[in-house]
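Worksheet for the structure shown next.
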Amino acid sequence: MQLLLGKKILITGIISKLSIAYGIAKAMYNNKAELIFTYQKKKNKKRVEKLVKNMTKYPIIKCDVSKDHNIKFLFVQISKFWNKFHGFVHSIAFVPKNQLKGSFIENTSRKGFQIAHDISSYSLTAMVKECRFMLYPKSSIVSLSYLGSNRVIPNYNVMGLAKASLEANIRYIAYDIGKQNIRINGISSSPIKTLASSGINNFDYILKFYKKITPLSYQITINDIGNVAVFLCSDLSCGITGEIIHVDGGFNLIGINKK
Ligand code: NAD
């Protein structure tokens, strides 16, 4: 299909072929988007380059979102290729591993709290701030969230708070940027094994639990998330902004399951 024909889209957050952003990239590429990619750390550059080389004609750009000057640099670099573009995918989250286990109260530190919110939520605001005047009307921004934002998921702990912040962030940005006819939405994804999720203590138990309870007897993949991201960046979704769309096979609907 060609749902993104003529659209120029920036994709952040690829670190491996398991990355949700990689699924999004493949779906966007297959729908004819023109893509630019970022990588976080110098040591990951070659790896990311190898993954995306067939999907872009542009060099990949370094951007560690914990640094304002990196975010500035990213859009200066992009402006060398694109005067304006049609949106971006924010597929970034981080918290030190020691925050993702055991008791929320005992294990959450001030530093852990700050890092989780800075990297996983504020970075979205910072990116929009820096590029909003480079975005065409009808552009679309997509970020990735998780149900831990409004339900208690053992071990997810402070990341749940950061995702709650991210989702509120999406609504406030949607309000501000709507005047430019630009949209922003979140996809709340099913748990999927990736480098980030493997940092969550007992993640395999979460996967098993989902399998037992989810209405759709089908394991959501990064390709499914990619297809929804394509829809959200296409003109088909022109009336949707500030939403968090669950792509979780209906897991979030369940109160009590059958014995
Ligand atoms: P991943 O490990 O493949 O991707 C996480 C990405 O975040 C990596 O590319 C990493 O480089 C990037 N990142 C971390 N800190 C950064 C920084 N300072 N600057 C720039 N980039 C940074 O894992 P993923 O599961 O694909 O995660 C992508 C998004 O999806 C995250 O927001 C995550 O919370 C969300 N999500 C994941 C799941 C899941 O089960 N995998 C479920 C729901 C939501």
Side-chain angles (χ1 to χ4, degrees), residues 10-26 37-45 47-49 51-52 60-71 73-74 88-97 99-100 114-124 126-127 141-151 153 155-167 169-170 186-200 202-207 209-211 214 219-226 228-229 244-249 251-252:
L10 163 68
I11 298 187
T12 67
I14 294 182
I15 193 152
S16 80
K17 66 177 186 341
L18 302 175
S19 292
I20 291 178
Y22 185 60
I24 295 175
K26 285 188 295 177
F37 297 94
T38 63
Y39 65 100
Q40 179 195 355
K41 292 180 184 163
K42 207 168 152 194
K43 68 172 187 193
N44 303 131
K45 185 177 181 197
R47 177 182 182 170
V48 179
E49 237 162 21
L51 285 169
V52 304
I60 62 170
I61 303 168
K62 183 174 184 307
C63 183
D64 177 340
V65 294
S66 66
K67 301 183 172 84
D68 284 334
H69 63 89
N70 266 214
I71 296 176
F73 175 80
L74 167 64
F88 68 87
V89 175
H90 174 273
S91 188
I92 291 173
F94 180 75
V95 67
K97 212 172 161 176
Q99 304 288 287
L100 293 173
Q114 282 169 345
I115 294 173
H117 285 74
D118 182 20
I119 306 301
S120 318
S121 178
Y122 176 71
S123 63
L124 177 64
M127 286 182 68
I141 299 163
V142 174
S143 184
L144 274 301
S145 194
Y146 178 56
L147 188 67
S149 62
N150 51 36
R151 304 279 171 83
I153 309 288
N155 299 319
Y156 200 61
N157 294 355
V158 71
M159 260 322 280
L161 281 70
K163 290 301 190 191
S165 162
L166 177 76
E167 292 180 9
N169 202 342
I170 287 170
I187 297 175
S188 184
S189 166
S190 225
I192 297 176
K193 213 161 200 158
T194 61
L195 286 179
S197 65
S198 60
I200 302 165
N202 223 350
F203 186 70
D204 284 343
Y205 173 74
I206 297 182
L207 287 178
F209 191 78
Y210 265 71
K211 204 169 172 194
T214 304
Q219 172 64 47
I220 302 293
T221 68
I222 60 171
N223 302 329
D224 301 317
I225 308 297
V228 176
I244 308 300
I245 298 183
H246 292 94
V247 184
D248 66 351
F251 179 87
N252 71 95

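Count residues from 1 along the sequence. Whatever order the structure lists them in is the order used to number ligands and atoms, beginning at 1.
- Heavy atoms of Ser123 found under 4.0 angstrom from ligand 1: none, in either backbone or side chain.
- Residue Ser145 touches ligand 1 through its backbone alone, judged by heavy-atom distances below 4.0 Å.
- Here Thr194 has side-chain heavy atoms under 4.0 Å from ligand 1, and that is the only part of it that gets that close.
- At least one side-chain heavy atom of Leu74 sits under 4.5 Å from a side-chain heavy atom of Met127.
- Each of the atoms 40 (O) of ligand 1 lies under 4.0 Å from some heavy atom of Pro191.
- The N/O atoms of Gly13, backbone and side chain alike, include one that comes under 3.5 Å of an N/O atom in ligand 1.
- Considering all non-hydrogen atoms of both residues, Tyr156 and Leu100 come closest at O-CD2, 3.5 Å.
- Checked options Tyr205, Phe203, Phe251; the residue passing with Tyr210 is Phe251 (criterion: ring pair (Phe, Tyr, Trp, His ring centres under 6.0 Å)).
- Looking only at side-chain heavy atoms (C-beta outward), Val65 and Thr38 stay at 4.5 Å or farther from each other.
- Every N/O-N/O distance between Ile119 and ligand 1 stays at or above 3.5 Å.
- Contact annotation: Leu18 has no heavy atom less than 4.0 Å from any atom of ligand 1.
- Per-residue contacts place Cys63 under 4.0 angstrom from the following atoms of ligand 1 (heavy atoms of the residue considered): 19 (N), 20 (C).
- Residue contacts with ligand 1 include Lys163, since one of its heavy atoms falls under 4.0 Å from the ligand.
- Smallest separation of non-hydrogen atoms from Ala126 and Ile71: CB-CD1, 3.7 Å.
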